[in-house]
Amino acid sequence: FPRADGQVRYVTWLDDARVLADAGTGATRWWVYDTRQATRVPLFDGTSVAESARPQPFDLRQPAASPDGTAIAAIVAAREG
């Protein structure tokens with residue numbers, strides 16, 4: 001896998017081949033690792049949801065994937081509560 005910027009602190013499976021991991025530091029916190037391709041991409045690419053409509057990556061805690069890996073739910077720990 002490509003070298004990460006920080007120390008992985010949280011991992012959860014998205015499906016049979018993909019893992020969601022919290023790298024903890026750097027500009028990108030949440031990464032999706034493809035175990036078959038040995039690649040990683042940011043969870044948020046900046047195009048799927050309007051910037052103002054989503055939480056900041058450093059506010060997400062304990063994400064969990066749906067059984068088919070198409071949706072993710074997480075706790076949001078933002079300053080505004």
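Position 1 is the first residue of the sequence, and the numbers go up from there. Bear in mind that the values here come from a model prediction, so they are computed numbers and not experimental data.
Judged purely by atom type and a 3.5 angstrom limit, Thr35 has no side-chain atom pairing as donor or acceptor with the backbone of Arg18. Not a single donor-acceptor pair under 3.5 Å links the side chain of Tyr10 to the backbone N or O of Trp30.
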Worksheet item: Hey, mind stepping through Val32 and Val19 against side-chain contact (heavy atoms from CB on, under 4.5 Å) and telling me if it holds?
Response: CA-CA 6 Å; Val32 176; Val19 174; over 6 Å; no
Worksheet item: Stepwise, does the side-chain contact (heavy atoms from CB on, under 4.5 Å) test hold for Arg29 with Asp22?
Response: CA-CA 6 Å; Arg29 179 174 183 170; Asp22 170 5; 2.8 Å; yes
Practice prompt. In sequence, state the C-alpha distance, the side-chain angles, and the governing distance for Leu20 and Val11, and then conclude on side-chain contact (heavy atoms from CB on, under 4.5 Å).
Written response: CA-CA 6 Å; Leu20 176 63; Val11 174; over 6 Å; no
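Listed here is the closest heavy atom pair of Ala74 and Arg61: CB-O, 3.6 Å. In plain terms, the two heavy atoms of Arg40 and Trp31 that are nearest each other are NH1-CE2, 3.3 Å. Closest of all the heavy-atom pairs between Pro63 and Thr12 is O-CG2, 3.8 Å.
No continuous path of ILVMFWY side-chain contacts below 4.5 Å connects Ile72 to Ile75, so the two sit in separate hydrophobic clusters.
Evaluation of the side-chain hydrogen bond (donor to acceptor under 3.5 Å, both in side chains) rule for Asp68 yields Ser66, Thr70 as partners, not counting sequence neighbours.
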